Structures are given as C-alpha cells and as structure tokens.
Amino acid sequence: MGVNARLLPGHHLRLLEGAAQLVPAMVRAIDRAQRLVHVETYIFHFANAALAVAQALERAAQRGVTVRLVVDAVGTPRLPSEWAQRFDAAGVQWRMYRPLGWLGLAIPSRWRRLHRKLCVVDGVLGFCGGINLIDDCDDVVLGRLPLPRLDFALQVSGPVVAEMLEQMEQLWWRMQAVRSVAERDLRRAWEALREGVPWLDEVLRAAPPAPPEGMRWPEARGAAAALLWRDNLRHRHAIERAYLKAIGSARQQVIIANAYFIPGRRLRRALIQAVRRGVRVQLLIQGKYERFLQYHAPRPVHQALLAAGVEIHEYAPSALHAKVAVVDDRWATVGSSNLDPISLLLAREANVVTTDRGFATALRRRLEHLLRTRGQALDLATLRRRPWHEKARDALAFAVMRAVLFLTGHRY
C-alpha cells in the first residue's frame with residue numbers, strides 16, 4: 001500500500017458528500033475543541049457556506065484554543081483584509097504556503113503546491129478528503145454552478161488522526177523555520193524546529209481515547225484504515241503505489257471517481273490488465289471544460305482505455321471534484337489526490353484508505369448510483385470521429401503536459 005501506509009484497526013469512519021455535509025461537521029467539531037484546531041486547505045473562499053468555518057476558527061481562538069490555518073497561495077492567493085485582521089485579533093495563527101512572488105508560476109519549483117484538505121481537532125477527530133472550503137455551487141473557474149459540485153471527504157477518529165496531526169505539525173514548524181531563515185534569524189529557525197516535537201507530544205498525550213460526546217457515527221466502527229500522504233521527500237509515490245496494488249489484486253470490480261484523470265503508464269497498464277483478467281473497470285470523471293490541459297490532455301488516454309474495455313463516464317449535471325475509489329468491496333480510499341501528474345508527482349496530498357467492507361460497499365453503491373443516473377458514457381467511435389482540430393488540441397495538450405513535467409525532472 002505504499003511505504004508510509006500502516007493499516008491499523010479501531011477507526012470510526014463517516015463519508016461526507018459535499019461542503020453541505022463537511023462544513024457543519026467541521027463547525028461542530030471546532031466548536032467543541034479544547035486544545036488545538038489545525039486546518040490545511042487549497043482553497044478557502046471567505047463567502048457563503050465556508051464563512052461558517054472561518055467564524056468557528058475565530059470563536060475557538062477567542063476562547064483560548066490553539067488554532068492553526070495553512071492555505072495554499074495559488075488556491076487562495078490572499079486572505080480578505082477583514083478576515084486577516086479578525087484572525088490576528090482573535091489569535092488564529094495563519095500562513096500562506098509557498099507565496100509566488102512577482103515571477104509567479106514561471107519558476108518550476110513553484111508548481112509544488114499544498115493540495116491537502118485536512119482538519120484535526122484536539123488530536124482525536126480528523127477530516128480528510130477532496131473538498132475545499134468553498135460553497136458547493138461556487139467554482140473558481142466555472143463560476144456559479146447549476147447544481148452542487150460532487151465531492152467527498154471522510155470524518156475519522158482512530159490512530160490515523162495522530163498521523164494526520166504529525167504531518168500537519170511537521171509542515172507548520174518547517175514553514176516557521178523557513179520564514180525565520182528568510183528573515184536571517186537562524187536562532188529563531190532552530191527554535192521553531194525544536195519546539196514542534198514536544199508540542200505535538202503534549203497534544204497527543206492529552207487527547208481523550210474516544211470522540212467527544214455527540215461526535216459518534218454509525219457508518220463504520222472498528223475499521224482498519226491507514227493514512228497515505230505524498231510529499232516531495234521520501235513519500236513521492238505512496239498514493240500511486242496503493243492504487244497499483246489494489247487494482248493489481250482486483251478480481252471483480254474497480255470504480256474510480258476522479259476529477260482530473262490522466263494516469264501514467266503504470267496506472268494505465270494496471271487498469272488494462274485488470275480488464276483482461278475479467279474485472280469490470282468503471283471511471284467517473286469531470287465532464288465540464290475548465291482548462292485547456294485538463295480537458296484535452298486526457299483524451300488520448302481515454303481512447304486507449306476505452307479500446308481496452310474500460311468504461312468511462314463523464315459527470316454531467318455539474319462539476320466533479322471527487323477523488324475516491326473502491327475495489328471489490330474490500331478496499332476504498334477517500335482523499336485529495338487526483339490521478340494526474342500534478343497530484344501524483346508534484347503536490348502535497350493526503351488520502352485515507354480502509355479495508356472495511358461495510359464502508360467500501362456503501363461507497364460502491366453510491367458511485368454505482370451516480371454512474372447510472374448522472375454519468376454520460378464516453379464512446380470510442382465518437383471520440384475517433386471528432387474533427388481533426390479537436391484531435392490536434394488533444395495531442396498538443398498531452399505534449400505540453402509532458403514537456404512541463406520534464407522541466408520539473410519527472411517523466412510520465
């Protein structure tokens with residue numbers, strides 16, 4: 001499952017669909033926090049539904065809870081001045097991950113982004129998934145959506161929560177140290193690195209053994225689960241390897257719902273080999289045109305997979321942003337990682353995997369319903385009959401994507 005995955009028992013898992021379910025669950029948890037709230041997100045839109053999270057963070061800090069917030073500087077270029085002032089006044093500690101500077105994304109190293117969507121409360125309750133802190137009907141590119149965006153997150157208690165918090169705290173203190181080095185304060189940088197470990201130990205020692213009263217849920221109890229993360233150090237391929245292992249052992253069915261699906265050679269080969277073994281492979285992908293590369297670069301891959309017998313459906317009613325998968329009702333994952341080169345090779349990501357059959361079955365049934373009722377099947381013959389200029393755009397987009405990755409030192 002990847003070098004950083006440890007399947008451990010004793011988890012309570014609850015699947016959340018959309019910000020409509022995630023935001024109230026996060027707000028309830030934050031309002032019960034006693035010691036620590038730590039949030040990471042790519043997009044934090046300070047409007048509509050997501051405002052409730054900002055207000056809950058402010059309330060928590062005002063009553064003495066340590067509150068940390070990290071947002072990616074591409075997904076969230078700036079905090080509104082009103083909220084920056086309110087957070088500062090309340091004591092919310094907030095940071096921008098890798099600000100771009102005046103050259104922006106012209107520097108390849110700036111393409112390494114924080115794409116995780118994590119929240120940990122008091123070291124006992126965690127949230128992990130693909131849902132940004134934004135209203136379900138708002139979209140940065142598409143504007144106001146006709147129907148809510150399709151996305152998923154996981155509410156979890158159990159051993160993986162401590163792992164989530166450890167990863168988040170490590171990044172926080174590393175950012176503190178980098179900031180101090182930039183200010184030429186080496187002593188402060190060293191202190192930041194030293195301070196993080198005892199702080200984390202203190203929080204985890206004080207953590208109660210079970211979720212707070214009122215935070216229990218029936219979806220999965222005692223489930224075995226593991227945290228997978230992707231960084232740019234030792235864990236670059238953990239999420240992809242987990243997918244490869246699960247698909248490689250599939251015997252009946254693989255269902256993947258993934259917004260930006262441009263799998264590399266190994267994942268393509270694994271899916272095709274699964275079909276040859278008699279496995280039914282179904283994909284639910286984004287059907288809306290957002291950006292040139294994201295829309296056109298996958299088309300050559302789609303043709304190869306369709307020709308091999310993989311079923312591909314585009315999500316029709318609105319935008320799809322999900323990153324979930326189920327294999328044989330015995331393996332499931334919910335997280336932030338798309339199966340495209342940016343997520344798998346460049347961005348910081350986090351997924352939770354579980355082998356709980358009840359949870360996997362429930363997710364599989366939900367995805368099958370979406371495939372039947374909300375998916376539009378891609379047809380190989382139709383793709384091949386498209387005008388030459390459409391195919392030229394596909395080829396150009398795929399070539400550009402590979403060239404961009406080459407500049408960052410990766411092959412795909």
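The structure displayed is predicted, hence computed values, not measured ones.
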Colleague: Verify the distance criterion only: is there a donor paired with an acceptor across the side chains of S337 and R348 at less than 3.5 Å?
Modeller: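 Judged by distance alone, the side chains do not pair up.
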Colleague: Could you tell me if the side chain of V39 sits less than 4.5 Å from the side chain of V70, heavy atoms only?
Modeller: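 Heavy-atom side-chain distance check fails, nothing below 4.5 Å.
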Colleague: Do L367 and V324 come close enough that some side-chain heavy atom pair is under 4.5 Å?
Modeller: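 A side-chain contact exists here, since the closest heavy-atom pair is under 4.5 Å.
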Colleague: Under a 3.5 Å distance rule, please check whether H45 uses its side chain to pair with a backbone N or O of A50 as donor and acceptor.
Modeller: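 Pair absent, no side-chain N/O of H45 close to backbone of A50.
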Colleague: If you measure from CD on Q155 to SG on C128, what distance do you get to the nearest 0.5 Å?
Modeller: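 Output value for this atom pair is 12.5 Å.
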Colleague: Quick one: do R251 and D328 make a salt bridge, cutoff under 4.0 Å?
Modeller: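 Salt bridge: no.
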Colleague: Quiz question: by atom type and distance under 3.5 Å, do the side chains of N351 and T333 form a donor-acceptor pair?
Modeller: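 Present: a donor and an acceptor within the cut-off.
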Colleague: About how many Å separate CG of L154 and CG of L363, when rounded to the nearest 0.5 Å?
Modeller: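 If I round to the nearest 0.5 Å, the distance is 9.5 Å.
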Colleague: Look up atom CG in D329 and atom OG1 in T355, then write down how far apart they are to the nearest 0.5 Å.
Modeller: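 If I round to the nearest 0.5 Å, the distance is 12.5 Å.
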Colleague: Mind checking whether H321 and Y315 have side chains closer than 4.5 Å, heavy atoms only?
Modeller: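 With C-beta onward as the side chain, the pair stays apart.
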Colleague: Name the orientation class of the two ring planes belonging to Y42 and H115 (parallel below 30°, tilted from 30 to 60°, perpendicular beyond 60°).
Modeller: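 Perpendicular.
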Colleague: I'd like to know if the side chain of S336 and the backbone of A350 have a donor-acceptor N/O pair within less than 3.5 Å.
Modeller: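 Judged by distance alone, yes, a pair lies under 3.5 Å.
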Colleague: Which label fits F46 and F44: parallel for a plane angle under 30°, tilted from 30 to 60°, or perpendicular past 60°?
Modeller: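 Parallel: the ring planes of F46 and F44 meet at under 30°.
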Colleague: Taking only Lys NZ, Arg NE, NH1 and NH2, and the carboxylate oxygens of Asp or Glu, determine whether R95 and D72 approach each other closer than 4.0 Å.
Modeller: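 No, R95 and D72 are not salt-bridged.
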Colleague: Looking just at side-chain N and O atoms, do Q282 and Q253 make a donor-acceptor pair shorter than 3.5 Å?
Modeller: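 Yes, because at least one side-chain N or O of Q282 sits under 3.5 Å from a partner of the opposite role on Q253.
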Colleague: Can K323 and N338 be counted as having a side-chain donor-acceptor contact under 3.5 angstrom?
Modeller: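 Yes, because at least one side-chain N or O of K323 sits under 3.5 Å from a partner of the opposite role on N338.
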Colleague: Apply side-chain contact (heavy atoms from CB on, under 4.5 Å) to the pair R116 and T41, showing each step before the final yes or no.
Modeller: CA-CA 6 Å; R116 303 189 304 210; T41 188; over 6 Å; no
Colleague: Can you tell if the side chain of V141 reaches within under 4.5 Å of the side chain of R291, non-hydrogen atoms only?
Modeller: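 Answer yes - side chains close enough.
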Colleague: Looking at R35, is its backbone amide N or carbonyl O close enough to the side chain of D122 to form a donor-acceptor pair, meaning the two atoms are under 3.5 Å apart?
Modeller: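 Yes: the side chain of D122 pairs with the backbone of R35.
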Colleague: Under a 4.5 Å cut-off applied to non-hydrogen side-chain atoms, are Q303 and R299 in contact?
Modeller: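 No, side chains not in contact.
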Colleague: Could you state the interatomic distance from CD1 (I30) to CZ (F127), rounded to the nearest 0.5 Å?
Modeller: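 Separation between the atoms: 7.5 Å.
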Colleague: Taking the side chain from D136 and the backbone from G18, do they hold a donor-acceptor pair closer than 3.5 Å?
Modeller: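 The answer is no, because no donor-acceptor pair under 3.5 Å joins these two groups.
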Colleague: What's the separation between atom CG in D31 and atom CE in M26, rounded to the nearest 0.5 Å?
Modeller: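 So the gap between those two atoms works out to 11.0 Å.
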Colleague: Could you measure the distance from the CD atom of E314 to the CG atom of L378? Nearest 0.5 Å is fine.
Modeller: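 Reported value, rounded in 0.5 Å steps: 4.5 Å.
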Colleague: Is the shortest side-chain heavy-atom distance between V279 and R276 below 4.5 Å?
Modeller: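 In short, these two side chains do not touch, never coming nearer than 4.5 Å.
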Colleague: Start with the C-alpha distance between W331 and Y243, add both sets of side-chain angles, then the distance that settles ring pair (Phe, Tyr, Trp, His ring centres under 6.0 Å), and finish with yes or no.
Modeller: CA-CA 10 Å; W331 182 94; Y243 269 95; 5.8 Å; yes
Colleague: Where the side chain of S249 meets the backbone of A246, is there a donor-acceptor pair that is under 3.5 Å apart?
Modeller: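 A pair under 3.5 Å: yes.
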Colleague: So does P317 get a backbone contact from the side chain of R374, meaning a donor-acceptor N/O pair under 3.5 Å?
Modeller: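 No, because the side chain of R374 does not come within donor-acceptor range (under 3.5 Å) of the backbone of P317.
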Colleague: Can a donor-acceptor pair be found between the side chains of H389 and R393 at a distance below 3.5 Å?
Modeller: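 Distance-only check passes for H389 and R393.
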Colleague: Any chance the side chains of E169 and H38 put a donor and an acceptor closer than 3.5 Å?
Modeller: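 Checked: E169/H38 side chains pair up, N/O donor to acceptor below 3.5 Å.
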Colleague: Between E40 and R68 (salt bridge meaning N to carboxylate O under 4.0 Å), is one present in this structure?
Modeller: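 Salt bridge absent between E40 and R68.
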Colleague: So, R230 and E240, do they make that salt bridge, N to O below 4.0 Å?
Modeller: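 Salt bridge absent between R230 and E240.
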Colleague: Is there side-chain contact between E349 and L228, with heavy atoms separated by less than 4.5 Å?
Modeller: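 No, their side chains stay 4.5 Å or more apart.
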Colleague: Can you tell if the side chain of Y97 reaches within under 4.5 Å of the side chain of L171, non-hydrogen atoms only?
Modeller: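 They are in contact (side-chain heavy atoms under 4.5 Å apart), so the answer is yes.
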Colleague: For D356 and G358, indicate whether the former's side chain and the latter's backbone hold a donor-acceptor pair under 3.5 Å.
Modeller: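 Between the backbone of G358 and the side chain of D356 there is a qualifying donor-acceptor contact (under 3.5 Å).
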Colleague: Decide yes or no on salt bridge (charged side-chain N to carboxylate O under 4.0 Å, His left out) for R386 and D394, but give the supporting numbers first.
Modeller: CA-CA 11 Å; R386 287 177 307 144; D394 298 344; 2.5 Å; yes
Colleague: Are I255 and L284 close enough, and set up right, to give a side-chain contact (heavy atoms from CB on, under 4.5 Å), and what steps lead you there?
Modeller: CA-CA 8 Å; I255 304 181; L284 183 63; over 6 Å; no
Colleague: Would you kindly say whether Y260 and E290 are connected by a side-chain donor-acceptor distance under 3.5 Å?
Modeller: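 The answer is yes; a qualifying pair exists.
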Colleague: Main chain of A224, side chain of T354: is a donor-acceptor contact present, judged purely on distance under 3.5 Å?
Modeller: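 Flag set: sc T354 to bb A224 pair under 3.5 Å.
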Colleague: Begin with the C-alpha distance, continue with both residues' side-chain angles, and end with the deciding distance and a verdict on side-chain contact (heavy atoms from CB on, under 4.5 Å) for M168 and Q170.
Modeller: CA-CA 5 Å; M168 298 168 80; Q170 284 181 3; over 6 Å; no
Colleague: Taking E58 for the side chain and A54 for the main chain, is one N or O donor matched with an acceptor at less than 3.5 Å?
Modeller: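 No, because the side chain of E58 does not come within donor-acceptor range (under 3.5 Å) of the backbone of A54.
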Colleague: Do V161 and V120 pass the side-chain contact (heavy atoms from CB on, under 4.5 Å) test, and can you show the C-alpha distance, the side-chain angles, and the key distance before you say yes or no?
Modeller: CA-CA 7 Å; V161 179; V120 171; 3.8 Å; yes
